[in-house]
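Let me begin by presenting the structure, written as structure tokens, before commenting on it.
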Protein chains: 2
Amino acid sequence: MTVTLADVAARAGVSSATVSRVLNGNYPVADSTRARVLRAVEELEYVVNGQARGLAAATSDLVGVLVNDIADPFFGIMAGAAQAEIAHGSPASGGTGGGKLAVVCNTGGCPKAELTYLTLLQRQRAAGVIVTGGAAEDAEHTRAVTAKLSRLATDGTRIVLCGRPPLPLDGDAATLAFDNRGGARRLTGHLLELGHRHIGYITGPKDRSTTRHRLEGHRTALAEHGLAADADRLTVGGDYHRHAGYQGACELLARAPELTAIVAANDTAALGVCAALRERDLRVPQDVSVAGFDDLPFSVDAAPALTTVRLPLHEAGARAGRLVTGREEVPPGGIAMVTAQLVRRASTAPPRAS
Amino acid sequence: MTVTLADVAARAGVSSATVSRVLNGNYPVADSTRARVLRAVEELEYVVNGQARGLAAATSDLVGVLVNDIADPFFGIMAGAAQAEIAHGSPASGGTGGGKLAVVCNTGGCPKAELTYLTLLQRQRAAGVIVTGGAAEDAEHTRAVTAKLSRLATDGTRIVLCGRPPLPLDGDAATLAFDNRGGARRLTGHLLELGHRHIGYITGPKDRSTTRHRLEGHRTALAEHGLAADADRLTVGGDYHRHAGYQGACELLARAPELTAIVAANDTAALGVCAALRERDLRVPQDVSVAGFDDLPFSVDAAPALTTVRLPLHEAGARAGRLVTGREEVPPGGIAMVTAQLVRRASTAPPRAS
DNA sequence: ACACCCATAGCAAGCGCTTACTGCGCCGCG
DNA sequence: CGCGGCGCAGTAAGCGCTTGCTATGGGTGT
């Protein structure tokens, strides 16, 4: 039924060892022999059995990419960039094309699913794992994930944390930490400089590291201007989805009509905020300024174009891909900070004179 | 270094065959023995080697999910639903948790990448493959993909086409065909019934089956009202992205100021259309009606809420997941039509009296 | 002419697991 | 009291591939 190495060997009149060596190109083989083998491979449409190869060579060409929400472009962009980088691999002399297979796993932000996927990847003896996005902030879960990743690392799986706080792992791992705190602080700082004094904030999901960091940055900026007191009242919970922005804006407006600006924890929610404001005939930015976070592709194109904080998602994903395949050196200390850059656009302006 | 079956066996004082049987639970094992084995598994933190198991049992727990654009929620939703269904699997008596590993592969709509991923999956002897989204319409490529999928199917890999036209495969495959044509026809029909006579259309990417089908549906509706003549002038090319909608709207407005409605090939582009109209101080729907396709989550929440065609993406993805894992019967004939339902919302209204 | 060496190719031992098939007590029944 | 049968556990033969080591044969150096 399925063609094996031995079939190819027979057809080419050589031993299976020779075929293997031709395919892997790591051992001298006479040109004439190589040609004969390659022809046999062609004719038989041979495709190597990855499981057998993995078993024998104790390697694997699977790389796992864990994401919190595959339907969110934030993750889609990173995952896509990482996958492209991972699939690229070396040109591969052989016949079947090189590169590794990136496995995008959707945890849905659920800690248990995260652990399950990690185990599944461990089963497959994955060559590497990239974990993207904010971590659930739960002591028990953090311990479990740390243990699992440590185990993977010591077993030789490369670990890359992308957009997530570093973890004290046994083996060595690389972390691309996003400067959520700094970005959020600059963003709110920008609003404060414009003269806003009543700024609402819509957070991400509870107990997620990104949520906390962004909120902390926001609070820091407020504190620097002596505005910490009112912060709690002007903060409402959300979950990064558009609807949360919509609802959050309604809630904030009800709570504090004096509001002149709303910051959402991400761009998607910010769009929801804009929708809510439009519905109330409040103009952006004349009546209320709005700001987001992430600088997703649609943000520049929104009406008005969204002031936000750019996270170089594509680059970060690509870099994570290179790190996990060993094509890029791990940064000293294992941690690299990914900068978050303030992008001022049309959705923010000085508050209306009141 | 890494723990093997034999290690567990030694620790439990049994043979490795017994351990295997405990883990797979398909052979009688005395309770006392089972308990001892499970304890050893715990203590040693044993995790089965998927490659070895796959090799020995000629099975695999990988399922590939090919998507055209992982950053697009259209695919994200389907992939997420499919993955959840695939990972679920049987409760798995054993220790390490059951279910299969769904591999989301991002082809970027590139035919070559599609083939590459298919080969990679073939290498891993994937248990199944779900191919989502429109197919590239190129004879050569269609031939190649058909051949590859046929090969996979005869080798025992389950094939599911989701949102893509059926293919004449050797083995048996299931197809979930989206009624793009019918949906588009009803959508444009709705606009025509409202009284619109000058309707612009912004297409998806060239040479993609979904693009063609949706456009055909649109044209059919026009023809039914004797409006086919002007269709070419009122059609501009796009690529499903927001920016294409923005640009397309500008182009259409320039070409045909008499326009009273614009249909975009998907919701994302429709949002771009709205942005362009707003920028020109054209009100939606009073001045120009706008319609999209897909009914992505943000569409209901846009301002104004978007009239569109709902594709049950989540359900379809989940069903594809069940089909590919054999948990659902393949429909008679191998093909099931997924209905596309018109959703009338605030972005469409009768044209302004002129 | 002889010992050697290098370039190739083959041999065979696994990699870690599954699964026939065999083995071994112990029961019930004639 | 003996025999078939049953319930478990062990033996061992691979699954398809990689790779260290061995074998061969022609070219070199002296």
Side-chain angles (χ1 to χ4, degrees), chain A residues 1-38 40-41 44-61 93-96 122-127 155-156, chain B residues 1-38 40-41 44-61 93-96 122-127 155-156:
Chain A
M1 197 74 218
T2 83
V3 182
T4 71
L5 244 206
D7 298 331
V8 176
R11 172 136 194 156
V14 299
S15 75
S16 60
T18 302
V19 177
S20 167
R21 301 205 258 244
V22 168
L23 260 22
N24 292 298
N26 50 12
Y27 194 86
V29 172
D31 285 347
S32 60
T33 310
R34 175 195 320 285
R36 221 157 3 110
V37 169
L38 289 178
V41 167
L44 263 28
E45 298 185 22
Y46 171 72
V47 173
V48 64
N49 181 324
Q51 303 183 311
R53 165 183 292 188
L55 217 211
T59 62
S60 160
D61 41 10
S93 45
T96 32
Q122 187 182 3
R123 276 229 260 262
Q124 300 301 326
R125 304 296 188 257
D155 282 1
Chain B
M1 196 74 216
T2 84
V3 182
T4 71
L5 243 207
D7 297 331
V8 177
R11 172 136 196 155
V14 299
S15 75
S16 59
T18 301
V19 177
S20 168
R21 299 204 260 245
V22 168
L23 260 22
N24 292 298
N26 50 12
Y27 194 86
V29 172
D31 285 347
S32 60
T33 310
R34 176 196 320 287
R36 221 156 5 109
V37 169
L38 289 179
V41 167
L44 263 29
E45 296 185 23
Y46 171 72
V47 173
V48 63
N49 182 323
Q51 302 182 312
R53 165 185 292 188
L55 217 212
T59 63
S60 158
D61 41 10
S93 45
T96 32
Q122 188 181 2
R123 271 227 259 263
Q124 301 300 326
R125 304 295 188 258
D155 282 3

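Quick note: numbers below take in every heavy atom, side chains included, and nothing from hydrogens, waters or symmetry partners. Chain letters run A, B, ... following the sequence lines, proteins first and then strands; every chain starts at 1.
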Could you give the [atom1]-to-[atom2] distance, from [X] to [N], as a whole number of Å?
{"X": "A/R125", "N": "C/dG16", "atom1": "CZ", "atom2": "P", "answer": "9 Å"}
{"X": "B/N49", "N": "C/dT18", "atom1": "CG", "atom2": "P", "answer": "10 Å"}
{"X": "A/R36", "N": "C/dG10", "atom1": "CZ", "atom2": "C1'", "answer": "14 Å"}
{"X": "B/D155", "N": "D/dG16", "atom1": "CG", "atom2": "P", "answer": "12 Å"}
{"X": "B/L5", "N": "D/dA12", "atom1": "CG", "atom2": "C1'", "answer": "15 Å"}
{"X": "B/Q51", "N": "D/dG16", "atom1": "CD", "atom2": "P", "answer": "15 Å"}
{"X": "B/Y46", "N": "C/dG16", "atom1": "OH", "atom2": "P", "answer": "10 Å"}
{"X": "B/Q124", "N": "D/dG16", "atom1": "CD", "atom2": "P", "answer": "15 Å"}

Quiz item: What pairs meet the salt bridge (charged side-chain N to carboxylate O under 4.0 Å, His left out) rule with one or both residues in residues 18-29 of chain B, with sequence neighbours excluded?
Solution: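 Residue pairs with at least one partner in residues 18-29 of chain B: there are none.
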Between [X] and [Y], what is the shortest heavy-atom contact and its length?
{"X": "A/R125", "Y": "B/V47", "value": "NH2-O, 3.2 Å"}
{"X": "B/S20", "Y": "B/L5", "value": "CB-CD1, 3.9 Å"}
{"X": "A/Y46", "Y": "A/L23", "value": "CE2-CD2, 3.6 Å"}

Quiz item: Which of the following nucleotides, C/dA9, D/dG16, C/dT8, is nearest to the side chain of A/L55?
Solution: D/dG16
Quiz prompt | A/A52 side-chain proximity, nearest of D/dC17, D/dG10, C/dC17 | solution =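 Taking heavy atoms from C-beta onward, the closest nucleotide is D/dC17.
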Contacts under 3.5 Å, N or O only, protein and nucleotides 24-26 of chain C:
none

Quiz item: Between B/G13 and A/A6, which is nearer to the 5' end of DNA chain D once each is assigned its nearest nucleotide?
Solution: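 Its nearest nucleotide being more 5', the pick is B/G13.
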Practice problem: Output yes when a side-chain donor or acceptor of B/Q51 lies under 3.5 Å from a complementary backbone atom of A/T59, and no otherwise. | Solution: yes
Quiz item: What string of B, S and - do you get for nucleotides 19-28 of chain D, 5' to 3', when a contact is any protein heavy atom under 4.0 Å?
Solution: BBB-------
Quiz item: Sequence neighbours excluded, which residues qualify as side chain to side chain donor-acceptor pair (under 3.5 Å) partners of B/T18?
Solution: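 Residues passing side chain to side chain donor-acceptor pair (under 3.5 Å) with B/T18: B/S15.
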Quiz item: Sequence neighbours excluded, which residues qualify as side chain to side chain donor-acceptor pair (under 3.5 Å) partners of B/S16?
Solution: none
Exercise. Drop me the distance from B/Q124's CD to A/S60's OG, to the nearest 0.5 angstrom.
Key: 6.5 Å
Practice problem: Could you tell me which residues satisfy side-chain contact (heavy atoms from CB on, under 4.5 Å) with A/A56, sequence neighbours excluded, listed by chain and number? | Solution: none
Quiz prompt | Residues that A/R11 engages under salt bridge (Lys or Arg N to Asp or Glu O under 4.0 Å), provided they are two or more places apart | solution =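 So A/R11 forms a salt bridge (Lys or Arg N to Asp or Glu O under 4.0 Å) with A/E43.
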Quiz item: Using the C1' atoms of the five pairs at each end, what is the angle between the end axes of the helix from C/dA1-D/dT30 to C/dG30-D/dC1, to 10°?
Solution: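 The value is 50°.
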Show me the side-chain donor-acceptor pairs of residues 28-38 of chain A shorter than 3.5 Å, one per line, residues at least two apart or across chains.
| residue | atom | partner | partner atom | Å |
| --- | --- | --- | --- | --- |
| A/R34 | NH2 | A/V29 | O | 3.2 |
| A/R36 | NH1 | A/A12 | O | 2.7 |

